[in-house]
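Some notes on the structure that comes next.
The residues of the chain are indexed from 1 along the displayed sequence.
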Amino acid sequence: MDNRETSSAVTRIKSLLDEFSFVEIGRLAEARSTDFNLAEKKAPSDGVVTGYGTIDGSLVYIYAQDSAVLGGSIGEMHARKIANLYSMAMKNQAPVISLIDCSGVRLEEADDALFGLGRIFKKQTLASGQIPEITVVFGNCGGGLTVLAGLSDFVAMEAKDARMYVNAPDAVQGNKDDKIAKAETQAANGLVDFYGTEDEIFAQIRKLVSILPGSNDEGGVQDENTDDLNRSVGAFDTLDAEEAAKQLSDNGVFIETKKGYSKDVLTGLAQIGGETVGLVLNKSANLTWKGAEKAAKLVTFCNAFDLPVVSVVDVKKYNNTECTEKFMPEAAARLAYAYANADVPMITIVKNAYGTAGVAFGSKALGADAVYAYEGSGFGILDAKKAAEILADSDEEKAALEKDFGEKATALAAAKRGYVDDIIAPEETRQRVAAALQMLNWKSVYRPDKKHGTV
């Protein structure tokens, strides 16, 4: 970092931020420790560049580690600079972006380094739900450093060289070619939202920052609408989840989260009528425990930052596997809790919503403000065929029961009981969602005073 203009940390920061906007903080900080001949090693800025700048004019705080300086390891002053940056970000209500390239905790500084890492954990925890936290891994992110990523709202990894691991990859039995530590595996495990080249990651982060609030005090994000609110979305009820998300979003811009995790649920952020919303859509009629956790995580984030949640529900049952049986009770509880605990505007579009899986996905019972369905949508405890198979004693009785259940397990029947607000045409889905968002703009919910829930 002696030649600051060519250091990887400074280069990455300037590549991400608006041109000429970066202002460095703590440039002259140096390590105090002299043990193990540290005084003889050059460590300008103690291996981390911290400061602030703008992305599309919006204030952000940022730090970048430089692996060329003591391996980018976290020492006392290194950690203090990051902790101080978080304090400034919370005071000024702006996101923190972390660019990680670190060999771990600095062994030469022992307890001072470990205490410093703990201070960062504390600051991240205090910032959680107050300001957005975005972490990008470029080189190594090992041991306790993985907690930094786990405490963040969004995580990205460079696809080729980045490695994230708790134990050294060569110490993990069966871990050939660092497979467990690579970006693709971490995305499949649910920690990483997206991965790619440095340019691809920075482009995604710039889009993300542009539609996120700077803090939980901003009351959501409302930009000028640049797309027709009455735009028809065609045969929306037949679209797959990815296309449905794009059709709902202004100008087709949808930022997917946890892309590599769980193939049965799609989550992400978009704008509808210029307002930033979270989108949750079923990709499969069978809900897995991973899908439930993925959906719950986005709903929880949106609730923390006052972002409405729009759900497109097409689910018939829980996935019938041993893995689902083990983990679904707790995962389904988290999903139901996330929706029931949310006090932001919630709009649900129903293609099919059967059983408790359907109830857990943003149903009227859990507090959805507006629930719309299409003519012929399934809605009930079971689809008609399954219900008849369970209850019927003969083929003749089965046919009669299937017909009877078929008439009752519909969105129209649910609408007559107040569980669905309206039966709408598929092509007017975006129009109705946008209108509901405007109507719910000043939603306010009173909740009994408590410290927090326990789920």
Side-chain angles (χ1 to χ4, degrees), residues 6-19 21-22 49 53-58 60-67 72 95-102 132-141 145-146 148-150 152-165 177-212 221 241-243 245-246 249-263 266-271 276 278-279 283 294 297-298 301:
T6 59
S7 83
S8 61
V10 173
T11 299
R12 285 169 178 156
I13 289 173
K14 290 185 175 181
S15 295
L16 175 59
L17 301 185
D18 296 339
E19 191 174 11
S21 72
F22 178 61
V49 177
T54 60
I55 291 180
D56 290 338
S58 297
V60 298
Y61 288 82
I62 188 168
Y63 71 85
Q65 296 169 320
D66 193 336
S67 59
V96 172
I97 301 174
S98 309
L99 308 183
I100 304 296
D101 190 354
C102 180
E133 300 178 64
I134 302 169
T135 294
V136 186
V137 179
F138 286 107
N140 285 306
C141 179
L145 272 296
T146 57
L148 299 183
S152 302
D153 297 309
F154 303 98
V155 181
M157 283 184 74
E158 193 275 329
K160 183 180 178 183
D161 298 320
R163 298 290 184 271
M164 196 184 315
Y165 48 86
D177 302 321
D178 291 351
K179 180 180 179 181
I180 295 176
K182 290 182 178 179
E184 185 175 1
T185 303
Q186 292 296 342
N189 291 339
L191 179 57
V192 171
D193 289 277
F194 40 84
Y195 59 93
T197 65
E198 184 170 314
D199 288 342
E200 289 170 340
I201 289 171
F202 283 168
Q204 193 81 335
I205 290 175
R206 290 182 68 87
K207 285 197 293 184
L208 186 61
V209 169
S210 72
I211 69 170
L212 285 177
V221 177
E242 285 85 356
E243 185 59 29
K246 291 178 181 178
S249 307
D250 290 349
N251 305 306
V253 178
F254 172 68
I255 302 174
E256 187 174 354
T257 58
K258 307 298 178 192
K259 185 174 182 179
Y261 185 63
S262 175
K263 302 300 182 183
L266 178 74
T267 61
L269 297 166
Q271 291 189 312
T276 300
L279 293 180
K283 297 177 67 176
K294 181 177 178 179
K297 185 172 180 64
L298 184 76
F301 173 83

Taking C-beta and beyond as the side chain, do [X] and [Y] meet within less than 4.5 Å on heavy atoms?
X	Y	answer
Asp153	Leu212	no
Ile134	Leu208	yes
Thr54	Phe22	no

Only counting residues at least two apart or in another chain, list the ones meeting salt bridge (charged side-chain N to carboxylate O under 4.0 Å, His left out) with [X].
X	result
Asp193	Lys258
Glu158	none
Asp161	none
Glu242	Lys283

Which residues satisfy the side-chain hydrogen bond (donor to acceptor under 3.5 Å, both in side chains) test with [X], sequence neighbours excluded?
X	result
Ser210	none
Glu243	Gln247
Gln271	Asp223, Thr276
Thr185	none

Within this structure, what is the [atom1]-[atom2] distance for the pair [X] and [Y], rounded to the nearest 0.5 Å?
X	Y	atom1	atom2	answer
Ile205	Leu16	CD1	CG	5.5 Å
Leu99	Glu198	CG	CD	8.5 Å
Ile97	Thr135	CD1	OG1	9.5 Å

Holding to side-chain contact (heavy atoms from CB on, under 4.5 Å), I want the full list of residues that pass it with [X], two or more places apart in sequence or in another chain.
X	result
Lys207	Gln204, Ile255
Pro95	Val60, Pro132
Thr197	Asp199, Glu200
Ala245	Phe254, Leu266, Leu279, Leu281

Notebook entry, point to check: Counting N and O atoms only, with roles assigned by atom type, does the side chain of Asp18 sit under 3.5 Å from a partner on the main chain of Gly57, one being a donor and the other an acceptor?
Noted result: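 Checked: pair present.
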Next item on the list: Please check if the side chain of Gln65 supplies one atom and the backbone of Ile100 the other of a donor-acceptor pair under 3.5 Å.
Entry: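 It does not hold such a pair.
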Next item on the list: Might you point out which heavy atoms bring Met164 and Val137 nearest each other, and give the distance in Å?
Entry: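 For Met164 and Val137, the tightest heavy-atom pair comes out as CE-CG2, 3.7 Å.
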